[in-house]
Amino acid sequence: MQGQEHTESELLHIRREKLEALVAKGIEPFGGRFDTTHPPGTLRKDFEPELPVRVGGRITARRVMGKAAFFDLADFTGRIQCYVSKKDVGDEVFELLAEMLDLGDWLGVEGKTFVTKTGEPSVHVASMQVLSKSLRPLPDKWHGVTDKEIKYRQRYLDLISNERSRDIFVTRSLMVAEIRRFLQDRGFLEVETPMMQDVPGGAAATPFETFHNALGMPLYLRIAPELFLKRLLVGGFTKVFELNRNFRNEGLSRRHNPEFTMLEAYWAFSDFEQMAELVETLVCHLAEKYCGGLLIEHKDDEGNVTRTINLQRPWRRAPYKDLIRGVAGANWFELTNEEKKTRCAEIGVEVSGGMEDYEISQQVFEKLIEEKSFDPLFVTHVPKELVPLAKQNKADSSVVDVYELVINGQEISPGYSELNDPIVQRERLEHQAGEEVQKLDEDFLLALEYGMPSAGGIGIGIDRLVMMLTGAESIRDVVLFPQLKKK
RNA sequence: GCGCGGGUAGCUCAGCGGUAGAGCAGUUGGCUUUUAACCAAUUGGUCCUGGGUUCGAUCCCCAGCCCGCGCACCA
């Protein structure tokens, strides 16, 4: 950190000396190209004996026994054991391994595969090449890194030493790739729309503000891509999706990172019910492919199952108002504002003074329904005040044709029958703008006047989806580099 | 922003008003199929930072920094 020689610990000093010893022997300590035949984990998994191989990886374990030694080479695919005997490689190479190399160093080996007495798939090393000398010691080989601050600030140490973390991020990557494939297979086109926007719309959230020097204008990091994707519907891109980052200037929590990954997809001529079908199919597909089935077990550190989420179809569907009546009383919506607050006190929901009726209802919904729903629940027909960009229901104009999918106690995915009437859309946004002091996106409203096809739309919070599917307790465990305060 | 909990060796942790300990890693020696290798010896500390109380503070008190959890914020 300070980079001052005299403050370095003994451990660092010894590694520097080994580095110098390598150089003195004419060995390049930071390697170069090394062509490999297999990654370590793959080789171990699809093992064949008597195979000539070249493998590269980091030394994560070493067991030296006089004139023979074992060590593990590892990367994100897993590990493979290597065996070196002094007799085969000679004194020089053996001493290199035993005296100048350390846990943490990157090594390329060439040799032939075999199985040891104890049945461990291994590589019998004939020669090796140093690919990088590590100048700092690795975390504890058994416990790995558990200090949250180190896990998040120095994610590479977490990835080196914790298989669980590696698994989560590999799984996330596979899932994201599969989501893209799933949508592309159904004719959706992936697009990219502005992350820097003049008017940050598509959601009610505080944006991050920045400034473009050459244009001399403020810009905002997007809080949602929605209004741009709808412009593309107008443009005739009838099936589009975007899977990328949104930014919201809010507090951090176990469920919130200021930048998070969102999928939004729009399907012309569809509606919210068909979008619900699509989400259900997609999530079940991911669970079956990457979680071993539709029962998702969440476990604590000791491996005890703490929760099982049942994704078996069909998923429950229920109107918002019915759910609230179920927990707050059949006459809830007939109560006055004051009576609602009294009822809240009775059922243990905290509300504050100035709340409007729909806000009190929403509070009841969040505390008594959303946070307690772990198996999938499609909440339908939500009050229109909450969703200004969706079509109003024909039979009940106080609600909109949407679903909010709740799984694992969190909102995972909203889906709308998208509002495409430019006149109604303007009214709804102006109404909202009056309350929340938001700017109207006139360019968006202009586009709607050219005609946006009727459409269904969905959002899926990818981070929360991955949390649900992998059993991660915190969003920081599914985001590689979560936001932390500067130290 | 508020409340609670935490910060001790490179890592994982214990400890305590009397100047600090274990396991792993490291170092030294032994060992040619081990795997948390083993056996023996051994190095390693700003006990988060700054004040205060005290004869004496890593420990008690106050303030600050960072992390976690909860609350608040958050369609």
Side-chain angles (χ1 to χ4, degrees), chain A residues 7-15 17-18 60-72 79-89 94 98-99 102-104 114-122 124 134-154 157-158 160-162 201-206 223-224 226 246 248-258 260 350 352 358-359 362 365-367 370 379 382-390 400 402 404 410-411 414 416 432 435-436 438 459 461 473-474 476-477 482 484-487:
Chain A
T7 62
E8 279 183 353
S9 78
E10 189 193 347
L11 293 171
L12 304 191
H13 185 67
I14 289 167
R15 291 204 173 211
E17 284 180 347
K18 289 180 176 179
T60 54
R62 186 172 49 164
R63 298 171 285 279
V64 181
M65 292 166 300
K67 298 191 175 66
F70 293 90
F71 57 93
D72 289 351
R79 65 173 187 93
I80 186 75
Q81 174 173 275
C82 300
Y83 171 76
V84 180
S85 87
K86 204 168 189 171
K87 191 183 71 189
D88 300 330
V89 297
F94 195 81
E99 285 168 29
D102 286 297
L103 299 187
F114 76 110
V115 180
T116 64
K117 272 198 250 191
T118 52
E120 179 73 22
S122 307
H124 195 130
S134 165
L135 299 179
R136 288 181 181 270
L138 249 37
D140 190 281
K141 68 175 175 184
W142 186 243
H143 301 95
V145 172
T146 60
D147 184 311
K148 293 276 205 291
E149 198 164 349
I150 300 177
K151 274 171 78 82
Y152 302 147
R153 284 191 201 278
Q154 295 179 276
L157 295 179
D158 181 40
I160 290 167
S161 63
N162 295 109
T206 310
I223 54 177
E226 176 155 356
N246 286 349
R248 296 186 184 176
N249 208 336
E250 295 161 359
L252 316 187
S253 82
R254 209 159 60 80
R255 306 177 177 77
H256 298 263
N257 195 57
F260 61 99
E350 282 185 41
S352 54
Y358 79 89
E359 291 174 311
Q362 178 63 8
F365 172 76
E366 285 174 14
K367 298 296 164 196
E370 180 173 288
V379 181
V382 172
K384 69 172 186 202
E385 291 89 345
L386 297 172
V387 192
L389 296 167
V400 282
V402 303
E404 300 278 358
Q410 300 182 40
E411 189 191 324
Y416 304 170
Q432 193 200 26
E435 289 169 357
E436 313 210 2
Q438 283 197 353
E473 290 286 317
S474 166
R476 298 182 195 96
D477 294 323
L484 294 185
K485 197 161 179 177
K486 192 177 150 213
K487 219 172 170 178

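Numbers restart at 1 for each chain; the letters A, B, ... are given by sequence-line order, proteins then strands. What you see is a predicted model; the values in this text were computed from it and never measured.
One C1' atom belongs to G26(B), the other to G44(B), and the distance between them is 9 Å to the nearest Å. G45(B) and A22(B) have their P atoms separated by 14 Å, given to the nearest Å. Nucleotides U58(B) and G15(B) have their C1' atoms positioned 10 Å apart, rounded to a whole Å. Straight-line distance between the C1' atoms of C71(B) and U19(B): roughly 42 Å, to the nearest whole Å. Nucleotides C13(B) and U49(B) are separated by 23 Å at their C1' atoms, to the nearest Å. Straight-line distance between the C1' atoms of A57(B) and A72(B): roughly 37 Å, to the nearest whole Å.
Residue-level contact check: Phe114(A) touches the bases, meaning some heavy atom is under 4.0 Å from a base atom. Counting any heavy atom pair closer than 4.0 Å across all strands shown, Ile150(A) reaches sugar-phosphate atoms only and no base atom. Lys384(A) comes within 4.0 angstrom of no nucleic acid atom, judged by non-hydrogen atoms across all strands. Within the nucleic acid shown, Val64(A) comes within 4.0 Å of at least one base atom, counting heavy atoms only.
The nucleotide G45(B) finds no pairing partner, because no Watson-Crick or G-U wobble arrangement with both distances shorter than 3.5 Å includes it. Under the Watson-Crick and G-U wobble criteria, each requiring two contacts below 3.5 Å, nucleotide G68(B) is paired to C4(B). The pairing partner recorded for A40(B) is U28(B), the criterion being a Watson-Crick or G-U wobble arrangement whose two distances lie under 3.5 angstrom. In this entry C60(B) has G52(B) as its Watson-Crick or G-U wobble partner, both defining distances falling under 3.5 Å. Pair assignment for C11(B): G23(B), on the basis of Watson-Crick or G-U wobble contacts that are both within less than 3.5 Å. Using Watson-Crick or G-U wobble geometry with both donor-acceptor distances under 3.5 Å, C74(B) finds no partner in any strand shown.
Its glycosidic angle being within 90° of 0, U19(B) falls on the syn side.
Remark: Thr118(A) is not in phosphate contact with U35(B), judged by side-chain N or O atoms under 4.0 Å from OP1 or OP2. For Arg15(A) and U27(B), the shortest distance from a side-chain N or O to OP1 or OP2 is not below 4.0 Å. Checking the phosphate oxygens (OP1, OP2) of C71(B), no side-chain nitrogen or oxygen of Arg254(A) falls inside 4.0 Å. The phosphate of C66(B) has OP1 or OP2 within less than 4.0 Å of a side-chain N or O from Lys485(A). Taking only side-chain nitrogens and oxygens, Ser253(A) never comes nearer than 4.0 Å to OP1 or OP2 of C73(B). Distances shorter than 4.0 Å separate none of the side-chain N or O atoms of Arg136(A) from OP1 or OP2 on A25(B). Contact check, Lys486(A) against C67(B): no side-chain N or O comes under 4.0 Å of OP1 or OP2.
What separates CZ of Arg63(A) from C1' of A37(B) is a distance of 7 Å, to the nearest Å. Look at CD on Glu17(A): it is 18 Å from P on U43(B), rounded to the nearest Å. Between the CG atom of Leu11(A) and the P atom of C24(B) there is a distance of 15 Å, given to the nearest Å. Note: NE2 (His124(A)) to C1' (U32(B)) measures 10 Å, nearest angstrom. Taking atom NZ of residue Lys87(A) and atom C1' of nucleotide U33(B), one finds them 12 Å apart after rounding to whole Å. In this entry the distance linking NZ of Lys86(A) with P of U33(B) reads 14 Å, nearest Å.
Looking only at side-chain heavy atoms (C-beta outward), Glu473(A) and Arg254(A) come within less than 4.5 Å of each other. Counting only heavy atoms from C-beta outward, the side chains of Arg62(A) and Asp72(A) never approach each other to under 4.5 Å. Put simply, the side chain of Glu404(A) reaches to within 4.5 Å of the side chain of Val382(A), judged on heavy atoms.
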#### Entry: Candidate pair Asn246(A) and Ile223(A), rule side chain to side chain contact (heavy atoms under 4.5 Å, CB included), full reasoning
CA-CA 5 Å; Asn246(A) 286 349; Ile223(A) 54 177; 6.0 Å; no
### Message
The test is salt bridge (Lys or Arg N to Asp or Glu O under 4.0 Å); show your working for Lys487(A) and Glu149(A) and say whether it passes.
### Response
CA-CA 10 Å; Lys487(A) 219 172 170 178; Glu149(A) 198 164 349; 3.2 Å; yes
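Here A36(B) is the nucleotide among U34(B), A36(B), U12(B) with the atom lying nearest to any side-chain atom of Trp142(A).
Residues Phe71(A) and Tyr83(A) place their aromatic rings such that the two centres sit no closer than 6.0 Å.
Listed here is the closest heavy atom pair of Phe260(A) and Arg248(A): CZ-NE, 3.6 Å.
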